[in-house]
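Structure record follows, encoded as structure tokens.
Since we're looking at a predicted model, the values are computed, not measured. Whatever order the structure lists ligands and atoms in, that order sets their numbers, starting from 1.
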Amino acid sequence: MDDSVDVLIAGAGPAGAQCARDLAARDYDVTVLETEPEEGFPRQSNKSTGGTFPSMLTAFGIPDDVVMNFTDNIVIESPNEHFTQEQPGGVLDFGAFKRWLVEDGREKGAQFRFDARVSNPITEGGEVIGVQYDGSREAYADVVIDATGPSAPLARALGVSELKRGKQAIGIEYEFEGVDLDAPGYADLTDAMMLRLDHSYAPGGYAWIFHTGADTAKVGLCYIQNESYRRYVDTDRTVDGYLQHWLDTDPRFANAEQIAGRNHRGSAHIQPPGSLCTDGFMAIGDAVPSIDPLWGEGIHKGMRSARAAAITADRALTPDDRDTSAESLSLYEQFWHEYVAPRQNARLMMTELLYLAPNERYDDLLRDLNRLDWETLSKANEGNKLAMLRLLQREDLPLLARYVKHRLAD
Ligand SMILES: Cc1cc2nc3c(=O)[nH]c(=O)nc-3n(C[C@H](O)[C@H](O)[C@H](O)COP(=O)(O)OP(=O)(O)OC[C@H]3O[C@@H](n4cnc5c(N)ncnc54)[C@H](O)[C@@H]3O)c2cc1C
């Protein structure tokens with residue numbers, strides 16, 4: 001046995017590092033194993049646009065230094081319409097944010113071990129008691145947490161969350177300078193985070209421009225290669241090809257130049273969670289997946305799942321006779337469904353309907369958004385079915401039929 005701690009976390013992303021911060025602040029002995037080397041961290045895992053909201057920054061005490069730009073509005077675009085909603089937000093420098101989480105976790109007493117690739121759980125009598133990492137090395141703990149994002153080696157091996165290939169959204173993003181953020185015929189994107197529903201740029205998904213200050217912006221797109229994608233894809237363009245197509249055809253990028261070294265790519269699964277824990281083990285963040293299916297907000301969701309797991313571990317480890325059984329850890333599942341991702345199934349339904357709809361319907365939807373009251377919209381966004389119904393039209397029947405067919409084929 002190499003070593004043993006209270007809690008062992010695989011992955012130093014927003015979920016894993018946040019869970020370590022919370023547990024170290026409660027004086028638990030916590031070790032995080034991260035596959036990437038510390039020098040230059042994060043590299044491959046520097047994948048996110050980092051769009052977030054003050055609710056996340058406040059709840060988790062994130063400093064302003066890691067925010068590239070505070071934004072005032074959310075804009076939704078379709079091919080011919082747009083809708084602007086006043087809503088304060090912030091675009092993180094995701095790399096700086098990840099490094100800050102590690103630094104703060106260390107200050108609170110957590111150990112971070114880089115260059116440590118976790119491969120398998122170690123079990124005894126059906127209970128998870130540790131992990132194998134870097135080939136044959138072993139580490140042991142009372143509670144093991146998988147926070148490795150979409151790779152989720154521990155959760156997969158334990159059959160806890162079954163991330164499906166067909167539900168994996170792929171995303172790519174470049175950072176640019178010279179972007180025209182207030183171009184004629186388009187919404188003003190100054191200090192805004194914009195999401196674009198348009199199958200010609202992101203078939204079965206969405207594209208985005210997030211203003212990062214002056215004339216700079218993060219520009220990207222994502223989609224799942226599922227039925228919506230197959231319906232709307234009309235060439236054999238790759239995800240990079242789609243981004244290039246947008247850059248070539250949207251006048252806002254006519255003078256834009258890519259900022260060297262600032263490109264990001266990654267994936268996340270858009271699917272309902274399976275079970276989230278077993279004896280001695282919990283899965284958090286994108287390993288579940290916790291990401292919001294509709295708009296891809298995964299940072300706040302992942303950190304909330306981290307906090308729910310930290311509270312659960314604290315409760316399981318507090319009595320002299322520690323109880324880390326699946327039953328004891330099932331408190332985490334309860335928190336997850338009530339606090340981390342309430343109404344997840346309704347939001348998944350709305351997501352599938354949205355991305356199955358054709359471009360013309362997007363224009364209609366945005367006209368409706370401009371007409372309807374904000375309360376209906378925010379309720380629909382929260383997965384309220386009555387509010388969702390108010391956004392549907394009689395012409396949507398074929399769309400609903402397609403949705404049902406699609407679900408039955410799942
Ligand atoms: C292109 C793109 C844009 C996005 N934009 C936004 C956005 O604007 N706003 C938002 O809220 N969310 C966004 N997301 C989603 C968000 O980034 C994720 O939901 C979030 O990063 C999930 O955090 P996590 O800690 O669960 O996983 P991850 O961020 O994936 O972190 C996992 C960590 O585990 C490490 N790891 C992986 N495998 C192993 C292993 N075997 N052993 C040890 N360590 C391992 C990785 O190196 C990484 O550091 C975006 C995602 C993508 C792909």
Would you say that more than 12 heavy atoms from the other residues, nucleotides or ligands in this model lie under 6.0 Å from the CD of Gln132, or not?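 Yes, the 6.0 Å shell around CD holds more than 12 heavy atoms from other groups.
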Would you check whether [X] reaches within less than 4.0 Å of ligand 1, judged by its heavy atoms?
{"X": "Pro42", "answer": "no"}
{"X": "Gly220", "answer": "no"}
{"X": "Ala268", "answer": "no"}
{"X": "Tyr133", "answer": "no"}
{"X": "Gly302", "answer": "no"}
{"X": "Pro289", "answer": "no"}
{"X": "Glu173", "answer": "no"}
{"X": "Lys98", "answer": "yes"}
{"X": "Cys222", "answer": "no"}

Can you confirm, on distance only, whether ligand 1 has an N/O atom lying under 3.5 Å from any N/O atom belonging to [X]?
{"X": "Ser151", "result": "yes"}
{"X": "Ile291", "result": "no"}
{"X": "Ile299", "result": "yes"}
{"X": "Val118", "result": "yes"}
{"X": "Ser267", "result": "no"}
{"X": "Thr49", "result": "yes"}

Taking atom types as modelled and ignoring hydrogens, do the side chains of Asp363 and Ser78 form a donor-acceptor contact shorter than 3.5 angstrom?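 Note: Asp363 and Ser78 side chains meet the donor-acceptor criterion.
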Donor-acceptor pair between Ser45 and Glu36 side chains, under 3.5 angstrom: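 The criterion, which ignores hydrogens and geometry beyond distance, is satisfied for Glu36 and Ser45.
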Would Thr71 and Phe53 satisfy side-chain contact (heavy atoms from CB on, under 4.5 Å), going step by step from the backbone distance to the final call? CA-CA 9 Å; Thr71 52; Phe53 298 97; over 6 Å; no
Considering only non-hydrogen protein atoms, determine which one is nearest to [atom] and report residue, atom name and distance to 0.1 Å.
{"atom": "atom 36 (N) of ligand 1", "result": "Thr35 CG2, 3.7 Å"}
{"atom": "atom 6 (C) of ligand 1", "result": "Ser48 OG, 3.2 Å"}
{"atom": "atom 23 (O) of ligand 1", "result": "Pro14 CD, 3.5 Å"}

Is the contact between [X] and ligand 1 made by the side chain, the backbone, both, or neither, using heavy atoms and a 4.0 Å cut-off?
{"X": "Leu33", "value": "backbone"}
{"X": "Ser290", "value": "neither"}
{"X": "Lys301", "value": "neither"}

Donor-acceptor check, side chain of [X] to backbone of [Y], threshold 3.5 angstrom: yes or no?
{"X": "Asp6", "Y": "Asp29", "result": "yes"}
{"X": "Asp93", "Y": "Ala96", "result": "yes"}
{"X": "Ser325", "Y": "Ser328", "result": "yes"}
{"X": "Lys218", "Y": "Thr49", "result": "yes"}

Out of [options], who is nearest to [atom] when you count heavy atoms only?
{"atom": "atom 25 (O) of ligand 1", "options": "Ala15, Ala169, Ala17, Ala152", "result": "Ala15"}
{"atom": "atom 52 (C) of ligand 1", "options": "Arg265, Lys47, His269", "result": "Lys47"}
{"atom": "atom 12 (N) of ligand 1", "options": "Gly298, Ala287, Gly51, Ser305", "result": "Gly298"}
{"atom": "atom 35 (C) of ligand 1", "options": "Arg117, Glu34, Gln18, Glu297", "result": "Glu34"}

Mind checking whether His199 and Tyr362 have ring centres under 6.0 Å apart?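 Ring-ring flag for His199/Tyr362: true, centres closer than 6.0 Å.
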Check the pair Glu173 / Arg265 against side-chain contact (heavy atoms from CB on, under 4.5 Å), numbers first and verdict last. CA-CA 6 Å; Glu173 166 185 280; Arg265 66 178 67 227; over 6 Å; no
Six-ring centre of Tyr133, Arg117 cation under 6.0 angstrom, axis tolerance 45°: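 Here Arg117 fails the 6.0 Å and 45° test against Tyr133.
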Less than 6.0 angstrom from the centroid, inside 45 degrees of the normal: does Arg304 satisfy that with respect to the ring of Tyr339?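 Pair Arg304/Tyr339 counts as cation-pi.
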Interfacing atoms of ligand 1 (cut-off 4.0 Å, heavy-atom, Phe94):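 Counting atoms of ligand 1 from 1, those under 4.0 Å from Phe94 are 21 (O).
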Over 60° means perpendicular and under 30° means parallel, so tell me whether Trp208 and Tyr206 are parallel, tilted or perpendicular.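 It falls in the tilted class, 30° to 60°.
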